[in-house]
There are 2 protein chains.
Amino acid sequence: MERAQVPETTIQRLPVYLRCLLQAQQERMPVINSVQMAEMCGSNAAQVRKDLSYLGELGTRGIGYDVEALIAHISRVLGITERRRAVVVGYGRLGGALRSYTGFPERGFEIVAVFDADPAKIGTDADGLVVRPMEELEDGIREVGAEIAILATPAPVSQQVADRLVSAGIRAILNLAPVRLHVPAGVAVRQVCLSTDLQILSFHLAQEQLT
Amino acid sequence: MERAQVPETTIQRLPVYLRCLLQAQQERMPVINSVQMAEMCGSNAAQVRKDLSYLGELGTRGIGYDVEALIAHISRVLGITERRRAVVVGYGRLGGALRSYTGFPERGFEIVAVFDADPAKIGTDADGLVVRPMEELEDGIREVGAEIAILATPAPVSQQVADRLVSAGIRAILNLAPVRLHVPAGVAVRQVCLSTDLQILSFHLAQEQLT
DNA sequence: ACATGTGAAGCTATTCACAGCC
DNA sequence: GGCTGTGAATAGCTTCACATGT
């Protein structure tokens, strides 16, 4: 293992840096420095430098960071130099929105299959893909070579679907249902819960209101 | 200021505790202890106790925590004893999914208005609400007394819409567009970016793959 | 006996400040 | 002179371990 260990907090900021670098690239900036990056992504210069230094010595003293090179490097660290294949499981309103979200392809991801349990949806069009039945989940995942699953099923069934995803070889799950998933070690899960975010916002409103 | 200062990390876990307590309530558990809570929400007992202790002395030594009382207390801290009113801005596929998401009402939130810029959508039904034009944004927000905005507009216009939300008195924004919003102090923003989450998952896949 | 609440210890992350290099 | 990379200092979070109360 060459790369010592990039802290998890740093990893979580890499996508932000990448976004800001892509913007700089569009603005035809050949080089960017830590102060500019910090401004663009709402951080501070020392943090940016420290984070990037975990990935290697990527900058040039007195100059800054080469935008192209840094984009390439962060993309490599994030493992998105090739587009990664993902499946959407649960084609309700949220699953539908995710399937047709245009931001994924340009950020390194491709939706390659869609599954749902509802017989009325099976076989219908999902923005260019066909909605497949849950019975085909394991085979379908192997067929298309998907590595990531976006889980947009109803909360009560999410755990059992997750178990099947894992047994089909999925190692990364983005869970949109408000339940904690139990998965074996080696499987990465990220939880997105909009109600949770709203409740945190509500806390801040409540704080202000007790003036 | 009576309540010393609840750490931000603790606040972020309160919604998780609340979810787990509601589950305990449904299972007719009158009392729960820190070990059980930790198991249910994937934390550890010391963390649970420390977090809850920031809110006051809510447990009984030798017994544990009264489920009902703790639900009430956390709800109060999160400011969701009354349902908070939110507007959805941007009624595309994502905005549509959010508007009809049934999880909000039971977690303390109510969508009270929907706005969009597209003339073809204005006036149409949004699951029981009427899609209103962006021209009515400020007046509409004041009219319905909304405190929170869920921002699901295209990335390029999100900042200018956010500015208008703030000038209309909104103090909490849930931003679903992949751009950093600049807002004045006193306005809380939470950023949800699914591409970011996928990229973090991709990093973990990449780590494993370099075996 | 049992489980909370909490100082203290240990650990991780952020910020500072400057040496090192262009 | 300017900007990176980084050890040192600081701040913040988590875990431990036990005194405290039921």
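Proteins come first, then strands; the chains are lettered A, B, ... in the order of their sequence lines, and each starts at number 1. Quantities reported herein were computed from a predicted structural model and do not represent experimental measurements.
- Remark: the backbone N or O of A:R180 is not paired with any side-chain donor or acceptor of A:Q191 at under 3.5 angstrom.
- No hydrogens or angles considered: a donor-acceptor pair under 3.5 Å links the side chains of B:S158 and B:T153.
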Do A:R164 and A:E138 pass the salt bridge (charged side-chain N to carboxylate O under 4.0 Å, His left out) test, and can you show the C-alpha distance, the side-chain angles, and the key distance before you say yes or no? CA-CA 7 Å; A:R164 290 178 61 189; A:E138 289 85 350; 2.8 Å; yes
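- Checking A:Q209 against B:E147 by side-chain atom types alone, a donor-acceptor pair falls below 3.5 Å.
- Distance, B:R49 CZ to D:dG21 C1': 14 Å, rounded to whole Å.
- The separation between B:L55 atom CG and C:dT4 atom C1' is 14 Å, rounded to whole Å.
- Residue A:I111 is tested with A:L129, A:V144, A:I148 for a side chain to side chain contact (heavy atoms under 4.5 Å, CB included); the sole match is A:L129.
- Checking side-chain atoms of B:S100 against main-chain N and O of B:G96 turns up a donor-acceptor pair under 3.5 Å.
- Of the candidates B:I74, B:I11, B:V77, B:I80, A:Q199 forms a side chain to side chain contact (heavy atoms under 4.5 Å, CB included) with just one, namely B:I80.
- In this structure, the helix from C:dA1-D:dT22 to C:dC22-D:dG1 shows an angle of 0° between the axis at its start and the axis at its end, each fitted on 5 base pairs and rounded to 10°.
- Across residues 7-19 of chain B, B:P7, B:T9, B:R13 each have a non-hydrogen atom less than 4.0 Å from an atom of DNA chain D (numbered order).
- Under the 3.5 Å distance criterion, the side-chain polar atoms of B:S75 are matched with a main-chain donor or acceptor of B:I71.
- Going from atom CG of A:L52 over to atom P of D:dT4 covers 9 Å, rounded to whole Å.
- When the P atom of C:dA13 is taken as reference, atom CG of A:N44 falls 16 Å away, rounded to whole Å.
- A donor-acceptor pair is defined here as one N or O able to donate and one able to accept, closer than 3.5 Å; such a pair exists between the side chain of A:R84 and the backbone of A:G79.
- Under the 3.5 Å distance criterion, the side-chain polar atoms of A:E110 are left unmatched by any main-chain donor or acceptor of A:A86.
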Run the salt bridge (charged side-chain N to carboxylate O under 4.0 Å, His left out) test on A:R13 and A:E8 for me, step by step, so that the C-alpha distance in whole Å, both residues' side-chain angles and the decisive distance to 0.1 Å come before the verdict. CA-CA 9 Å; A:R13 283 187 292 265; A:E8 185 67 27; over 6 Å; no
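- Contact annotation: A:Q47 side-chain N/O to C:dA13 OP1/OP2 distance is not under 4.0 Å.
- Side chains of B:R76 and B:T81: a donor-acceptor N/O pair is absent below 3.5 angstrom, by distance only.
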Could you list, one pair per line, each protein nitrogen or oxygen that sits under 3.5 Å from a nitrogen or oxygen of nucleotides 19-22 of chain C, together with the distance?
from: C:dG20; atom 1: N3; to: A:R61; atom 2: NH1; distance (Å): 3.3
from: C:dC22; atom 1: O4'; to: A:R61; atom 2: O; distance (Å): 3.1

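- Between B:Y54 and C:dT4 there is no side-chain polar atom (N or O) within less than 4.0 angstrom of OP1 or OP2.
- Contacts of B:L58 with the nucleic acid, taken as non-hydrogen atoms under 4.0 Å apart, involve only primed sugar atoms and P, OP1 or OP2.
- With hydrogens and angles ignored, the 3.5 Å screen pairs a side-chain donor or acceptor of B:D116 with a backbone N or O of B:Y91.
- Within the structure, the side chain to side chain donor-acceptor pair (under 3.5 Å) test picks out the following pairs touching residues 56-70 of chain A (sequence neighbours left out): A:Q25-A:E68.
- Judged purely by atom type and a 3.5 angstrom limit, B:R99 uses its side chain to pair as donor or acceptor with the backbone of B:A126.
- For residues 33-42 of chain A, proximity to DNA chain D is found at A:N33, A:S34, defined as any non-hydrogen atom under 4.0 angstrom from a strand atom.
- As rounded to whole Å, 13 Å separates atom C1' of C:dT6 from atom CG of B:D51.
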Table of protein N/O atoms under 3.5 Å from nucleotides 7-11 of chain D N/O atoms:
from: D:dG7; atom 1: O6; to: A:K50; atom 2: NZ; distance (Å): 3.4

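- The separation between A:H73 atom NE2 and D:dT4 atom C1' is 15 Å, rounded to whole Å.
- Judged by distance alone, the side chain of B:R85 and the main-chain N or O of B:G145 form a donor-acceptor pair under 3.5 Å.
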